[in-house]
Each structure stands twice: as structure tokens, then as C-alpha cells.
Amino acid sequence: MGDPPAAKTFYVTTPIYYVNDVPHIGHAYTTLSADVLARYHRLRGREVFFLTGTDEHGQKVQRSAAEQGLEPIELADRTVERFQAIWEALHISNDDFIRTTEPRHRRAVEAIFRRIDEAGDIYPGEYEGLYCVPCETFWTELQVGEGGCPSCGRPVETVREKSYFFRMSRYEKRLLEHIERHPEFIQPESRRNEILSFVRQGLKDLSISRTTFDWGLPVPTDPSHVLYVWFDALTNYLTAPGLGTDPERFERIWPADVHLIGKDILRFHAVYWPTFLMAAGLPLPRVVFGHGWWTVEGQKMSKSLRNVVDPLWLIETYGVDAVRYFLLREVSFGADGDFSHRAFIGRLNADLANDLGNLLSRTVGMIQKYCDGVVPEPSEETALEVAFRERAEAVMVAQDGFMAQCAFQKALINIFELVAAANKYVDETAPFKLAKREADRPRLRTVLYTLAEGLRFLRLLTDPYMPTTAAKIGCQLGIPALEPGRPFNEVSRWGGTEGGQTIHEGPKLFPRIEEDRAVAIHEEVARLADAEEAPPEEDAVEEIGIEEFQRVSLRTARIVAAEPVPKSKKLLKLTVEVGGGEQRQLVAGIAQDYTPEALVGKSVVVVTNLKPARLMGVESQGMVLAGETPEGKVVLATFDEPLEPGCVVK
RNA sequence: GGCUGAGUAGCUCAGUGGUUUAGAGCGACGGUCUCAUAAACCGUAGGUCGUGGGUUCAAUCCCCACCUCAGCCA
């Protein structure tokens with residue numbers, strides 16, 4: 001065994017995405033993680049091949065296209081555009097984009113099929129089973145029971161057809177041995193255990209052809225059959241490196257170093273795929289990593305929730321690098337995670353704006369102010385500089401280990417510990433005090449140099465995750481763009497710049513999202529969640545009993561004072577009388593439709609037993625009832641006839 | 001039904017081959033400072049480490065049962 005030859009290309013893949021899908025955050029997540037690996041290795045001077053693409057064959061595509069009055073390829077073309085638009089917006093640096101409808105793919109599929117056939121592992125037979133079209137999966141009668149497809153619940157179809165089979169059973173032992181000998185082959189470990197127990201239960205031969213539809217690649221030895229979509233799709237990983245078209249290149253690129261996938265398709269990648277490759281006499285990929293799924297605001301992703309985390313919308317709202325950062329920082333790769341806008345804004349403000357952005361801005365600011373905008377040359381180091389430098393070096397070194405495990409979250413935590421150390425270093429050395437005494441000039445220069453050098457490290461460290469941000473940091477520090485030819489270990493050495501370069505103060509890296517903007521985002525999120533077509537019955541408003549309604553205390557109230565909440569466009573602070581002389585302070589989001597003057601004296605309905613909340617720093621002890629027109633205009637609930645404050649509303 | 005994993009501070013999670021004060025981030029509260037994006041830095045916050053048993057001088061970490069959740073399989 002041992003290490004692969006140094007010349008071998010680092011090859012990372014995403015799954016090819018199904019053109020019947022609407023691109024969503026899950027796709028973005030997989031592709032993004034692959035992008036980080038690709039950028040990481042490129043930065044270190046390795047040759048990288050980063051592949052993504054689309055899976056365009058199959059009965060489901062054929063049917064959807066027909067329903068929309070399109071040819072399958074037209075449907076595919078449209079979806080491909082959508083995917084590519086997202087990859088562009090996300091700054092994905094893929095080297096190739098494979099489509100399974102391309103001629104080169106057909107050649108690769110023929111090549112691997114022939115190899116397997118020559119090995120004697122393909123034989124004709126007959127398949128009878130219950131098939132779920134949307135899931136493209138056969139089920140046993142036991143599995144289906146009365147409930148339809150165990151996976152999606154829809155009715156299944158009985159299918160009996162001639163089919164070619166792949167002798168997967170023959171590779172059961174070899175696969176088991178391989179998984180046992182290579183603990184890194186299937187990750188994370190819990191997924192590995194699952195696959196292990198699956199394989200131990202025995203592998204059956206696999207039906208790999210269909211005759212019931214024709215949108216697919218023909219079986220090379222029998223064109224009346226179409227290849228099973230997974231056989232077709234998995235082969236994409238061989239196509240792009242050049243199987244069947246460019247043997248030399250293929251040799252250099254294959255096997256893949258990492259197949260990144262969602263946990264839902266692990267079995268195809270960790271069982272079917274390696275056995276296909278074994279039969280074809282090809283080396284196996286080194287790692288198959290099945291990452292987790294995202295829930296949204298604590299709920300399983302549904303159609304309407306997808307709107308709320310639509311990748312393009314997120315990028316537009318928060319900026320591409322914030323999205324990249326959040327997705328990889330928020331959860332441990334492999335585990336499921338929750339996407340919430342509150343958490344997002346928290347991360348953006350705390351980590352990116354306050355810690356990283358502010359570090360750059362204070363450093364550049366001081367260099368500008370105290371050193372006429374030129375990064376100074378250092379004099380002697382004290383223990384503080386040594387400690388900081390060693391920390392920076394340690395972080396740089398640690399990255400390799402994290403990347404080898406796809407531990408993006410740990411890597412980012414580690415990098416941001418350096419950011420924190422730099423902020424602390426500013427505090428400990430107080431350069432703004434040093435600047436006041438001429439005698440402290442040399443010391444000041446050392447401190448500012450150390451900070452600049454620390455930020456230069458941070459530029460290198462963050463580059464795979466936030467390439468645009470890294471470039472901005474470099475630009476503000478006045479350090480040259482990375483030269484492709486220069487060895488990374490030279491660039492990443494402390495002291496890699498000697499000082500003397502001119503800095504360029506620039507805009508904030510990440511402006512904080514202040515509370516009123518956060519409120520606006522949350523409102524927009526709520527609107528988007530509702531925007532999806534009328535929810536089906538099971539999503540309809542839940543019925544409640546009268547007791548439950550009675551738990552809400554509604555009272556009439558008179559507005560005695562109203563004033564705008566500072567810095568907020570939508571909020572008004574209201575003082576209302578709720579009966580018995582009691583006054584309460586409420587915050588209501590009605591400033592766009594009511595002026596404070598117009599409100600005083602009005603009778604309204606107020607929820608009086610709501611937990612107090614703080615909006616824009618102002619406490620709200622209740623809620624005013626109002627309706628909203630389709631255009632979004634807010635209208636307060638009032639009464640036909642005046643009612644005294646404190647009357648019960650029911 | 002079988003198997004695997006998880007259940008730790010308000011929230012999100014880390015952690016230990018069993019030994020003295022169980023950790024971090026965010027939030028909250030108090031303080032320092034003023035170079036900076038009202039940021040940064042420091043300090044405080046008392047969580048029966050899911051429940052009940054067991055092993056042990058000693059268990060959050062080992063064993064058993066149970067509960068809850070997630071996943072894989074049937």
C-alpha cells in the first residue's frame with residue numbers, strides 16, 4: 001500500500017445531481033464541501049480535479065418531461081442551467097461538469113460494462129418486483145405491505161421483465177474485507193457500521209437493466225435494454241477522468257480521493273459502486289464520505305421551507321462567503337444540522353463581523369494612523385510575539401489533519417481561535433498606547449507587524465472557505481496575490497513578508513446585521529415560507545379546542561402614547577391602558593402604516609398574557625392585534641362601537 | 001421487531017484508559033479599554049452529565065434494564 005505517488009492528482013467529486021430535482025441547500029452543501037477540499041489542495045500546489053455534474057437519465061425524468069410537454073433533454077438543459085447558476089453564485093471552482101447525456105459518458109459506460117461482462121459477472125435473467133417510479137427502487141412485497149412505497153408512500157407498480165444482472169454476490173467477501181481493512185473508506189464511522197451490517201447480511205445479485213422505458217443508455221450487448229440509472233450514474237466518476245477516451249489521463253486521475261455524498265445515497269456508493277469497480281478490475285476510491293442533512297428552523301426540509309433556504313436567496317441576503325462559512329462552521333461534517341436564520345445572523349455578527357472583520361479593520365486602521373499606511377518592519381520579539389507566532393504556525397500545520405478527515409467545522413473553529421488570539425494580542429500589547437510615546441515606536445512596529453503577519457496567515461487559512469474574503473484581506477494588507485508557482489511552505493512561513501508594503505483601507509469585510517435588518521429578514525423568511533402554494537390538508541392550521549383559545553387573554557386597550565423605536569423602520573413603541581388604570585408598553589410593527597399621532601386615543605385589542613419580549617432593545621409586554629392586506633399593509637383590529645379599556649374580548 | 005448511535009449549563013455542542021474545582025462558543029450579567037464594525041479583552045453564571053439498578057474505595061465516562069430521539073435493516 002503506502003502513499004499514492006506524488007504526481008497523482010487530487011480527485012474529489014460530488015454526486016451528479018438528478019435533473020428532476022430543484023437545486024436546494026443540500027446540493028449546495030455537498031458541492032461547497034468539495035470546493036473547499038479542491039481549493040485547499042490547489043493552494044498547496046497539488047494538481048486537483050474537482051468534478052460535479054448532472055444525472056439526466058431515468059424513467060422519472062422521462063415522465064416529468066412528458067408532463068411538461070418537453071423532451072427529456074430539454075428538461076435536463078433547463079435544470080443544468082439552474083445548477084450552474086448556483087455554482088457560479090457560490091463560487092464553486094469545479095474543473096469539469098459532467099452530464100450523463102454526453103457522448104464521452106456513453107463511451108465510459110460501455111467500457112466499464114464490457115470489462116464487467118468479460119469478467120463473467122453479467123448474466124441475463126428475469127426480474128419481478130414492485131417498483132416505485134419516483135424513488136426508482138424495487139421493493140419486496142414484505143417491505144411494501146399495504147402502505148405503498150416504504151420510502152415515499154406512493155403506490156408501487158408490479159414489474160416483471162427480462163433483465164441483466166450483475167453478480168454482486170460474488171464480491172461480498174472482498175467488499176467486507178476491504179471495508180474492514182480500510183477504516184477510512186466509509187465515513188463517518190456510524191455510516192460505516194451501517195454499511196458493514198448491511199453487507200454482512202449478504203449481497204444479492206443486482207438487476208442492472210430495464211426494458212420498460214428508453215430514456216437511458218442502452219446495454220452495449222443488447223440495445224433492447226436500458227441500463228439501470230445507478231449503473232449509468234456512478235460511472236460518471238470514471239468518465240470525466242477519461243475512461244474509454246483518454247487512458248493516460250485516466251491513469252493519472254483515477255481513483256478518486258474523496259467521493260462526497262449525502263447520507264441517503266451511501267449504499268450506492270459504498271456497496272454497489274465498489275463491487276462494480278472490483279468486477280471491472282479498477283481501483284476503488286479512497287474515501288466515501290456521507291454527510292448529514294439540513295433541517296430548516298428545526299423542521300424537516302419541505303417544499304415551502306426550501307424557499308427559506310434557497311441558495312441564491314441566501315447568497316443575495318447574506319453574501320456568498322457568509323453562506324459558505326455558516327454551512328461548514330455550524331455543524332460537524334457528517335452530522336445532521338439545523339439551518340436557522342437566527343443562528344446564521346449570530347454567526348455572521350459574532351465570528352465574521354466582530355472577530356474577523358473587526359480585527360482587520362482595527363489592524364489596518366492602526367497601521368494607517370500610526371505608520372502612514374505602511375506595514376512596518378519588526379524589531380525584537382517578546383514572549384507575546386513568540387506565543388502568537390507559534391500559535392499561528394500551529395494552526396497552519398493542523399489544517400492538513402482536518403482536511404484529511406473532512407473536518408471542516410473543526411478546521412474553522414481552529415482558524416477562528418487564531419482570530420481570537422489576535423484580538424487578545426491587541427489587548428495585551430495595546431498598540432494604541434505605544435503610539436503615544438516616542439520611545440515605544442520600535443515596540444509598536446513589532447506589534448503591528450505581528451498583527452499584519454497574523455492576518456496574512458488568516459488570509460491563507462480562510463482562502464478555501466471564503467476565497468473572496470481572503471482576497472479582500474490580502475488586498476487591504478497590501479500583500480501580493482498568491483503566485484501559483486510559489487511553494488506553499490514558503491508562502492506559509494512566518495515572516496513571509498518583511499513589511500514595507502502599503503495597505504489599502506477598504507470597506508468592512510462583513511457589516512454587522514443590526515436588529516432592524518434582522519427583523520426584516522425574519523419577516524421576509526416568514527413571507528417566503530408562506531409563499532409556496534396553498535399548503536395541503538395535512539399542513540392546514542391545526543384545530544384547537546375552546547379551552548386552548550381561552551388561554552389567550554384578549555383585552556381592549558386604549559393607546560395613550562406612541563413613539564417610534566429608534567433606528568427601526570417598522571417598530572413603534574406604544575403605551576396602552578388595559579383597564580383598571582394599568583398601563584403597558586408594547587412594541588408593534590406598524591410604523592409603516594400608522595403615524596404615532598394617528599394612534600393616540602385609538603381603541604385596540606391586545607394580548608395581555610404574552611411572555612414579554614425585547615424588540616430592538618425595547619421591552620414589549622403584549623401584542624396588538626392587526627390584519628394584513630395581500631399587499632402587506634397592516635390594519636389594526638378595532639370595534640364597531642367604542643369600548644372602555646380592559647373589556648374581555650372573546 | 002433486530003442493529004447502531006445519541007440523550008452533558010438557557011441554546012449549540014466538546015469531553016474523560018473511572019482518581020482531586022465537568023469544559024467551550026453563543027446568550028445574560030458585571031468590569032477593563034478606546035485602535036476598531038457600540039466592536040475587543042477580562043470576570044461571573046452553580047448543569048443530580050436521560051431514568052433506575054449493578055460493579056468499584058470511587059462512575060458522567062464500565063455492565064444491565066428502561067425511557068426518549070435519530071438512523072440503518074427486516
Side-chain angles (χ1 to χ4, degrees), chain A residues 139-145 150-151 186 188-204 262-267 270-271 290-293 295 297-298 300 322 326 329-332 334-340 342-371 384 407 409-410 412-414 416-417 419-436 440 444 447-448 451-452 455 476 503 505-515 517 566-567 611 614 616-617:
Chain A
W139 303 99
T140 63
E141 281 179 43
L142 201 74
Q143 287 171 313
V144 171
S151 163
I186 302 169
E189 200 187 335
S190 57
R191 301 278 149 211
R192 177 172 178 264
N193 291 340
E194 276 171 21
I195 293 295
L196 226 32
S197 69
F198 177 80
V199 178
R200 282 192 186 124
Q201 283 168 32
L203 292 183
K204 284 184 220 141
K263 62 183 184 180
D264 52 320
I265 53 174
L266 188 62
R267 201 159 92 209
V271 180
H291 69 241
W293 280 18
T295 54
E297 305 288 347
K300 263 196 180 156
F326 179 82
R329 166 61 241 262
E330 187 64 5
V331 299
S332 161
D336 287 352
D338 183 53
F339 189 108
S340 93
R342 179 173 300 281
F344 193 113
I345 292 168
R347 280 251 110 83
L348 175 52
N349 283 347
D351 299 356
L352 297 179
N354 293 353
D355 292 345
L356 178 60
N358 186 45
L359 174 66
L360 178 70
S361 138
R362 68 201 303 208
T363 302
V364 168
M366 286 190 281
I367 292 172
Q368 183 67 46
K369 216 184 249 183
Y370 306 142
C371 300
L384 285 174
Q409 185 197 38
K410 282 187 186 161
L412 282 168
I413 288 173
N414 190 240
F416 275 73
E417 279 167 359
V419 174
N423 276 318
K424 186 167 179 170
Y425 173 76
V426 174
D427 217 68
E428 289 168 335
T429 54
F432 39 88
K433 282 185 184 158
L434 298 174
K436 289 178 182 156
D440 287 329
L444 174 66
V447 168
L448 293 182
L451 284 169
L455 274 161
Q476 292 208 27
I503 53 110
E505 276 186 294
K508 294 172 183 174
L509 237 35
F510 296 96
R512 280 178 62 84
I513 294 187
E514 299 300 343
E515 203 158 351
R517 173 107 193 286
K567 284 201 274 183
K611 257 191 221 157
R614 290 188 85 79
M616 298 282 299

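All chains are named by letter (A, B, ...) in the order of the sequence lines, taking the proteins before the strands, and each is independently numbered beginning at 1. Side-chain atoms are counted along with the backbone in the values below, which use heavy atoms only and exclude waters and symmetry mates.
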Student check: side-chain heavy atoms of A/Leu352 and A/Leu509 closer than 4.5 Å: no
Presence of salt bridge, A/Glu194 and A/Arg191, under 4.0 angstrom: yes
Partner nucleotide of B/C61 by Watson-Crick or wobble geometry (both distances under 3.5 Å): none
Sugar-phosphate only, base, or nothing, as touched by A/Ala420 at under 4.0 Å among non-hydrogen atoms: sugar-phosphate
Phosphate contact (B/G25 OP1 or OP2) by A/Arg329 side-chain N/O below 4.0 Å: no
B/C72 pairs with, by Watson-Crick or G-U criteria that keep both distances under 3.5 Å: B/G2
Distance, C1' atom - from B/A14 to B/G53, rounded to whole angstrom: 29 Å
Sugar-phosphate, base or nothing in reach of A/Gly357, heavy atoms under 4.0 Å: base
Candidates B/C73, B/A40, B/C35 - which lies nearest the side chain of A/Phe432: B/C35
Flag if over 12 foreign heavy atoms under 6.0 Å of CD, A/Glu417: yes
Watson-Crick or G-U wobble mate for B/C66, both contacts under 3.5 Å: B/G50
Value in whole Å for how far the P atom of B/G25 lies from CG of A/Leu348: 20 Å
Sugar-phosphate only, base, or nothing, as touched by A/Leu509 at under 4.0 Å among non-hydrogen atoms: base
Over all atoms of both residues, closest heavy-atom pair of A/Ala343 and A/Glu330: CB-OE2, 3.9 Å
Pairwise 5' ranking along RNA chain B for A/Ala353 and A/Ile195, keeping only the more 5' one: A/Ala353
Among B/C33, B/U4, B/G71, the one nearest A/Asn193 by side-chain distance: B/U4
B/A38 and B/G71, which share atom name P, separated by this distance in whole Å: 44 Å
Nearest to side-chain heavy atoms of A/Ala350, which nucleotide of B/C26, B/G71, B/A40: B/C26
Touch class at under 4.0 angstrom, heavy-atom based, for A/Ser361 against every strand present: base
5′-ward residue of the pair A/Asp351/A/Ala421 relative to RNA chain B: A/Asp351
Separation between the P atoms of B/U12 and B/U4, rounded to whole Å: 27 Å
Pairwise P distance for B/G5 and B/A45, with rounding to whole Å: 36 Å
N/O donor-acceptor pair, side chain A/Asn354 with base B/A39, under 3.5 angstrom: no
Candidate nucleotides B/C35, B/C73, B/U34, ranked by approach to the side chain of A/Lys433 - the nearest: B/U34
Whole-Å distance separating the NZ atom of A/Lys263 from the P atom of B/U4: 19 Å
Atom pair distance, as rounded to whole Å: NZ in A/Lys424 and C1' in B/A39: 17 Å
Paired nucleotide for B/C29 [Watson-Crick or G-U wobble; both distances under 3.5 Å]: B/G43
Watson-Crick or G-U counterpart of B/U19, or none if no pair lies under 3.5 Å: none
Touch class at under 4.0 angstrom, heavy-atom based, for A/Tyr370 against every strand present: sugar-phosphate
Out of B/A40, B/C33, B/C35, whichever nucleotide has its closest atom nearest the side chain of A/Asp355: B/A40
Euclidean distance, atom CG of residue A/Asp427 to atom P of B/G43 [Å, nearest integer]: 11 Å
Geometric class of the A/Phe326/A/Phe339 ring pair [parallel <30°, tilted 30-60°, perpendicular >60°]: perpendicular
P gap between B/A59 and B/A39, integer Å: 46 Å
Atom pair distance, as rounded to whole Å: CG in A/Asp336 and P in B/C13: 10 Å
Closest nucleotide among B/A36, B/A39, B/C33 to the A/Arg512 side chain: B/A39
4.5 Å side-chain heavy-atom contact, A/Asp336 and A/Thr295: no
Any A/Lys369 side-chain nitrogen or oxygen under 4.0 Å from OP1 or OP2 of B/A36: yes
Rounded P spacing from B/C67 to B/C57 in Å: 32 Å
Euclidean distance for P, B/U19 against B/C29 (whole angstrom): 36 Å
From B/C72, B/U34, B/A36, nucleotide with atom closest to A/Lys436 side chain: B/U34
Nearest to side-chain heavy atoms of A/Lys508, which nucleotide of B/G71, B/U37, B/C33: B/U37
Nearest-neighbour nucleotide for the A/Asn358 side chain, B/C73, B/A36, B/G71 considered: B/A36
A/Arg329 and A/Ile413: CA distance, side-chain angles, deciding distance, side-chain contact (heavy atoms from CB on, under 4.5 Å) verdict: CA-CA 7 Å; A/Arg329 166 61 241 262; A/Ile413 288 173; 3.6 Å; yes
Within-4.5 Å side-chain heavy-atom neighbours: A/Asp264 and A/Trp293: yes
Touch class at under 4.0 angstrom, heavy-atom based, for A/Glu189 against every strand present: nothing
Nearest heavy-atom neighbours spanning A/Ala270 and A/Ile186: CB-CD1, 3.7 Å
Whole-Å gap separating P (B/G71) and CZ (A/Phe198): 18 Å
Nucleotide B/A14, atom C1' - distance to CD of A/Glu417 in whole Å: 12 Å
Atom-pair distance (CD1 on A/Ile503; P on B/C35), nearest Å: 16 Å
Pairwise P distance, B/G47 and B/C3 [rounded to whole Å]: 37 Å
